[in-house]
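Here is the structure we will look at, set down as structure tokens.
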Amino acid sequence: MLSCRGLAHIASDYIDDELGTVNKLSVRMHLLMCPHCRTFMGNLRASAALLEKHSAQTLSADYLQRIDREIERALSNDNSRG
Amino acid sequence: MTNTSSPEGEIALIELLKKGDQAAYKHAVRLYTPGMLAVARFYHGNANAEDVVQDCWVTVIDAINKFEGRAGLKTWLHRIVANRAKNRLRTTNREVSTDFSETLDPELDSRYGSSGRWLKPPTLKTDESADQLLENDALKECLNQHLSRLPEAQRSALVLYETHHHKSDDICNILDISHSNLRVLIHRARQKIFLMVEHFQETGEC
């Protein structure tokens with residue numbers, strides 16, 4: 001019988017459909033009986049969705065312009081080489 | 001600029017890059033650099049990641065002519081970064097050190113008793129969608145803070161998996177890790193965000 005802690009270990013694998021049939025059924029059985037783990041699984045799923053929507057990466061304009069300049073220089077070198 | 005979310009758009013972008021079109025490069029740099037930085041940070045942390053990615057873009061100018069399109073452009077660029085980052089690690093004799101041993105975050109683990117049952121179960125159900133949650137600027141700021149504090153390996157795996165929708169096999173290849181280790185990294189990162197959202201919803205504080 002899968003414990004609540006045991007379920008927490010494999011919760012992301014369940015969300016991403018990475019579990020085999022036996023483990024998947026164990027998780028489903030446990031979720032049917034355990035409201036706390038249902039809340040946990042729902043909230044973990046919400047966290048995954050949040051991360052999918054949110055890219056924290058904001059790049060500095062300065063860094064992007066530095067790359068642009070490097071590319072511009074390399075392209076003009078390429079052209080001058082013919 | 002071309003819409004690169006479709007395969008046709010990506011093919012058009014690749015053709016422009018092969019012609020040395022500067023506007024196409026500007027577009028590609030803004031589109032692909034975040035993911036490329038995630039790969040570089042996995043190997044080098046914040047310190048040298050930006051330099052590695054900048055060098056890679058210059059390499060791309062010549063290499064793009066040999067691009068055959070077997071993998072998507074994103075995956076190809078990420079592999080270039082990974083190879084360069086690994087070479088640089090070799091020259092500096094550094095190794096990536098990552099802890100894959102614990103599946104559960106210690107804070108979450110402490111909320112279960114010795115029987116494996118919850119001692120401190122989650123009390124609030126997150127009913128809002130991700131879009132609704134992200135309308136809250138304070139939560140978004142808190143999320144940014146927590147993401148920036150994640151260990152680089154977790155953050156890189158997460159960014160490549162969740163934000164850039166890479167297939168697991170591609171990530172394992174790019175980051176040189178096993179599938180089970182990738183699963184640990186993703187699960188650990190999600191738990192951190194689960195705990196953050198829970199704390200935020202309970203207290204209104206980050």
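In the text below, chain A, chain B and the rest are named by the order of the sequence lines, each starting its count at 1. What you are looking at is a predicted structure, and each value in this text was computed from that prediction instead of being measured.
For chain A, the option among V58(B), L195(B), L134(B) with the highest count of heavy-atom pairs below 4.5 Å is L134(B). Each of A8(A), P35(A), A46(A) has some count of heavy-atom pairs under 4.5 Å with chain B, and the biggest count is that of A8(A). The residue among E162(B), R183(B), M196(B) with the most heavy atom pairs within less than 4.5 Å of chain A is R183(B). The candidate from R111(B), K192(B), E50(B), R117(B) with the greatest count of non-hydrogen atom pairs under 4.5 Å with chain A is E50(B). With chain B as the partner, the residue from S47(A), C37(A), S12(A) showing the most heavy-atom pairs under 4.5 Å is S12(A). Contacts with chain A were tallied for T123(B), I186(B), D109(B), L108(B); D109(B) has the most, counting heavy-atom pairs under 4.5 Å. Ranked by heavy-atom pairs shorter than 4.5 Å toward chain B, the options T39(A), L44(A), N43(A) are led by N43(A).
Heavy atoms of L124(B) lying under 4.5 Å from chain A belong exclusively to its backbone. Of the two parts of L158(B), only the side chain, counted from C-beta on, holds a non-hydrogen atom closer than 4.5 Å to a non-hydrogen atom of chain A. Residue F40(A) touches chain B through both its backbone and its side chain, counting heavy-atom pairs closer than 4.5 Å. Heavy atoms closer than 4.5 Å to chain B are found nowhere in L2(A), neither backbone nor side chain. Residue contact with chain A, scored on non-hydrogen atoms closer than 4.5 Å, is absent for V184(B). The contact between S168(B) and chain A is made entirely by side chain atoms (from C-beta outward), counting heavy-atom distances below 4.5 Å. If you measure heavy-atom distances from D55(B) to chain A, you find no contacts under 4.5 Å at all.
Within a 6.0 Å radius of CD in E107(B), no more than 12 heavy atoms belonging to other residues, nucleotides or ligands are found. In this structure, K26(B) places its NZ atom where only 12 or fewer heavy-atom neighbours from other residues, nucleotides or ligands lie under 6.0 Å away.
Counting only heavy atoms from C-beta outward, the side chains of Y32(B) and L13(B) approach each other to under 4.5 Å. Between N181(B) and L185(B) the shortest side-chain heavy-atom distance does not fall below 4.5 Å. Side-chain contact between K167(B) and I171(B) is absent, with no heavy-atom pair separated by less than 4.5 Å. Using a 4.5 Å cut-off on side-chain heavy atoms (C-beta onward), L51(A) and Y161(B) make no contact. With contacts defined as side-chain heavy-atom distances shorter than 4.5 Å, the pair Y63(A)/L37(B) qualifies. Between D105(B) and F194(B), the closest side-chain pair of non-hydrogen atoms is not below 4.5 Å. Residues Y25(B) and I67(A) have side chains not in contact (no heavy-atom distance under 4.5 Å, counting atoms from C-beta outward).
No side-chain donor-acceptor contact under 3.5 Å links N48(B) to the backbone of D51(B).
Residues Q65(A) and R69(A) bring no donor and acceptor atom of their side chains to less than 3.5 Å of each other. Donor-acceptor pairing under 3.5 Å is recorded for the side chains of H179(B) and E18(A).
Identified by a heavy-atom distance below 4.5 Å to chain A, contributing residues of residues 76-85 of chain B are lacking entirely.
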Given side-chain contact (heavy atoms from CB on, under 4.5 Å), test V52(B) with V39(B) step by step and report yes or no.
-> CA-CA 10 Å; V52(B) 169; V39(B) 176; over 6 Å; no
